[in-house]
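Right, one structure below, let's go through it.
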Amino acid sequence: MLEEYIKKMRERCHINKLDPQVIPTFKSLSDEELSKIQSEYKDTLDIIRLFMNTFLEKSKGIPILVAVTDEKGNIIEYLGDPSLEDTVVNQVGLKKGVQFSEKQAGVNSVLAALDLGIPVQVIGEEHFFYFLHQTACYSVPLFNKNQVVGTISMMTFVQVANPLIMASLETVVDSIQRELNLLERNRYLDEMNHMVLEQSNTGYIVVEENRVIVRINPKARDILGLPQDYESFAIDELKLLSRVHNFYVRGEVIQDYKIIFQNKHETRTCLVDFFPFQEGTLIQLHDITEYTKTESYIQNAEKLAIVGQLAAGVAHEIKNPLTTLKGFVQMCQEDSDSDGNLYTQIMLKEIERINQITNEFLVLSKPTVQKKDWHDVRELISEIGVLLSSFTILKNVEIQYDFHDVKPIYSDGNQLKQVFINIVKNSVEAVEKNGKLKVSVRTEKDNQLRVRFSDNGNGFPDQILQRLGQPFLTTKKEGNGLGLMVCKRIVEEIHHGQLHITNDSKKGAIVDIILPLHS
């Protein structure tokens, strides 16, 4: 195959009208083009230089010139014996950037090795040009993913030509090829590791022996509240982790160590693991914030369910003696004089008021099974008027009602009562003594009903206002942050409405419940 290829290459020299006695002139790449190719081959050239310089050092005294080409035959590097440069290279103008082509170089080992993908040697008179008859050239192809990407070639004087030169070159190129393949695999693994770290839901921090953090992935930055472009720093700047790191350095095993991080925006709960890594430490941060919230939610829900059961039991216990008292008062009313009648009427009125409160407790304590019917929202609010007014007594808050003519809506009356009670309770707690709360009901455009609760309190802080409705978000010291979340679910998911909470431009908060009028 090689002999036939060289024969046809020689025939093309005559077709191209090359003169064997005339030294050819080679075209060259521009400095920018050469620089770009060298940049693309940077890792390859670094490894080639390392191996070839070692080879040339051991071959001192033998005139050898090494040239490296890309897949198009462009010379991108050469190194070796100065005597060859003076006698051959400078005569022809062979230098970095030269474009090696058959039309100019004639029979040559470089292009043959590129085309055939095998080692090729062209010695003495096998060259087409006379001036190359004093040289011996050897070329071995370089591969990447089974594709020829260039050659490593050696030139020497024909007097020192020896079959061992080709064998030595092949051995060196084989070592270079293995190193390049290893580099490629390492690069692939590094990219895979980088991608895994970047996309991982686990935070990773690498700390060197000098306590400097040299690697921190996006998840860890997010947990710690650090900007993504935050430069390297010492672990001592992270007080909580630094303290645990000190335990680890002293020999303690750190596995599933619970740490609560507080950054500018939120609180994160993590389980932290420490592992030895090279000369330093690998820290893993497992974010269990949502799990912790869910666990807390379940505990609160269970506690609320128990409280509801207790409330129902207490209400039943109150109703039994109330029924008896009411009967005796009615009997006394028949036998008493006018003053007595006045007293018994007041007593009956107050007993009825207590009875109404216990009835509301019983209704609210029932399981939240959806039971929809047509309800007038104004009547629903009036039915819980006693409960609403009970919130206002201690702070002497005035509730003003502004009811317009509205149509009934298809709704779950019990669950809407729960929403109204929760909002009124929040408003009363937010206003100061002698404050005011206005409750209005009116029809809006697009066939909607709006129930508005507006108070003259201090409103919501901006950072809280943007996240209202999220679980466990509360401004109350003893609150659990579930009230508005439940209200939002009842309004939006069960009644297909909208819950909007804003601050009044003057003072206070406004809660709007928008409900559809159609079924």
Within a strict 4.5 Å, meaning less than it, do heavy atoms of the Leu226 and Phe233 side chains meet?
yes
What's the shortest heavy-atom distance between Leu111 and Ser101, and which atoms?
CD1-C, 3.5 Å
Short side-chain donor-acceptor distance under 3.5 Å, Asp273 and His286:
yes
Under 6.0 Å between ring centres: does that hold for His14 and Phe128?
yes
Does anything in residues 198-208 pair up under side chain to side chain donor-acceptor pair (under 3.5 Å), and if so which pairs, sequence neighbours excluded?
none
Rounded to the nearest 0.5 Å, what's the gap from CE on Met155 to OG1 on Thr135? Could you check?
5.0 Å
Does some side-chain heavy atom of Val511 sit less than 4.5 Å from a side-chain heavy atom of His500?
no
Quick check: do Pro24 and Phe131 have side-chain heavy atoms less than 4.5 Å from each other?
yes
Any donor-acceptor N or O pair under 3.5 Å, side chains Tyr41, Asp70:
no
Arg221 versus Leu224: any side-chain heavy-atom pair under 4.5 Å?
no
Within a radius of less than 6.0 Å around CD of Glu209, do more than 12 heavy atoms belonging to other residues, nucleotides or ligands occur?
no
Just by distance, do the side chain of His496 and the backbone of Pro516 share a donor-acceptor pair under 3.5 Å?
no
Where the side chain of His127 meets the backbone of Gly124, is there a donor-acceptor pair that is under 3.5 Å apart?
yes
Is there side-chain contact between His245 and Val207, with heavy atoms separated by less than 4.5 Å?
yes
Measure up the Phe100 and Phe26 rings against each other and bin them: parallel (under 30°), tilted (30 to 60°), perpendicular (over 60°).
parallel
Taking Ile62's backbone N and O only, do any of them form a donor-acceptor pair with Ser59's side chain (distance below 3.5 Å, no angle check)?
no
Atom CD in Gln498, atom CD in Glu492: separation rounded to 0.5 Å?
7.5 Å
Short side-chain to backbone donor-acceptor contact, Thr156 and Ile64, under 3.5 Å:
no
When rounded to the nearest 0.5 Å, the distance separating CD of Gln284 from CG of Asn217 is 10.0 Å
Consider side chain to side chain contact (heavy atoms under 4.5 Å, CB included). Of Leu238, Thr281, Leu241, which one does Ile213 pass it with?
Leu238
Quick one: SG on Cys137 to CD1 on Ile165, what's the gap to the nearest 0.5 Å?
11.0 Å
Here the gap from Ile76 atom CD1 to Lys42 atom NZ, rounded to the nearest 0.5 Å, amounts to 13.0 Å
Please check if the side chain of Arg12 supplies one atom and the backbone of Glu102 the other of a donor-acceptor pair under 3.5 Å.
no
Polar contact flag, side-chain donor to acceptor under 3.5 angstrom, Ser30-Glu33:
yes
Distance-minimising heavy-atom pair for Asp455 and Ser427
OD2-OG, 3.4 Å
Distance-only, no hydrogens or angles: does the Glu252 side chain make a donor-acceptor pair with backbone N or O of Val249 under 3.5 Å?
no
Using a cut-off of 6.0 Å, state whether more than 12 heavy atoms not belonging to Asn447 lie near its atom CG.
yes
When rounded to the nearest 0.5 angstrom, what is the spacing between OG in Ser242 and CG in Asp236?
4.5 Å
Please tell me if the side chains of Leu142 and Thr44 come closer than 4.5 Å, counting only heavy atoms from C-beta onward.
yes
Answer yes or no: is there a donor N or O on one side and an acceptor on the other, between the side chain of Gln134 and the main chain of Phe157, under 3.5 Å?
no
Side chain to side chain contact (heavy atoms under 4.5 Å, CB included) for Gln38 and Lys96? Distances and angles first, verdict last.
CA-CA 10 Å; Gln38 287 177 326; Lys96 282 188 282 188; 3.9 Å; yes
Can any side-chain N or O of Asp174 pair as donor or acceptor with the backbone N or O of Val172 at less than 3.5 Å?
no
With side chain to side chain contact (heavy atoms under 4.5 Å, CB included) as the test, pick out the partner of Tyr5 among Ile118, Val107, Leu116.
Leu116
Check Leu45 against Glu77 and note the closest heavy-atom contact, atom names and distance.
CD2-CB, 3.9 Å
Grab the two heavy atoms, one from Asn74 and one from Gln99, that are nearest each other, plus how far apart they are.
OD1-CG, 3.0 Å
Taking it one step at a time, do Lys8 and Glu4 satisfy side chain to side chain contact (heavy atoms under 4.5 Å, CB included)?
CA-CA 6 Å; Lys8 289 183 178 180; Glu4 184 65 23; 3.3 Å; yes
For Thr267 and Phe261, what are the C-alpha separation, side-chain angles and deciding distance, and is it a side chain to side chain contact (heavy atoms under 4.5 Å, CB included)?
CA-CA 6 Å; Thr267 300; Phe261 297 99; over 6 Å; no
Would the distance check show the side chain of Asn422 and the main-chain N or O of Gln418 forming a donor-acceptor pair, the cut-off being under 3.5 Å?
no
Under 3.5 Å, is there a donor-acceptor pair between the Thr289 and Thr269 side chains?
no
Is the shortest side-chain heavy-atom distance between Lys36 and Glu40 below 4.5 Å?
yes
Take Ile510 and Arg452 through the test side chain to side chain contact (heavy atoms under 4.5 Å, CB included) and record every step on the way to the result.
CA-CA 7 Å; Ile510 298 175; Arg452 170 169 287 185; 3.5 Å; yes
Tightest non-hydrogen contact, residues Leu114 and Gly73, listed as CD1-N, 3.7 Å
Under 3.5 Å, side chain of Asn144 to main-chain N/O of Gln147, donor-acceptor pair present?
no
Any non-hydrogen side-chain atom of Val149 less than 4.5 Å from a side-chain atom of Phe143?
no
Just wondering, are more than 12 heavy atoms of other shown residues or ligands nearer than 6.0 Å to CD in Glu170?
yes
Heavy-atom closest pair (Phe129 atom, Gln104 atom, distance to 0.1 Å) is CE1-O, 3.2 Å
Give a yes or no on whether a salt bridge exists between Glu184 and Arg187, defined as a side-chain N under 4.0 angstrom from a carboxylate O.
yes
Would you please name every residue forming a ring-ring contact (aromatic ring centres under 6.0 Å, His included) with Phe55, sequence neighbours left out?
none
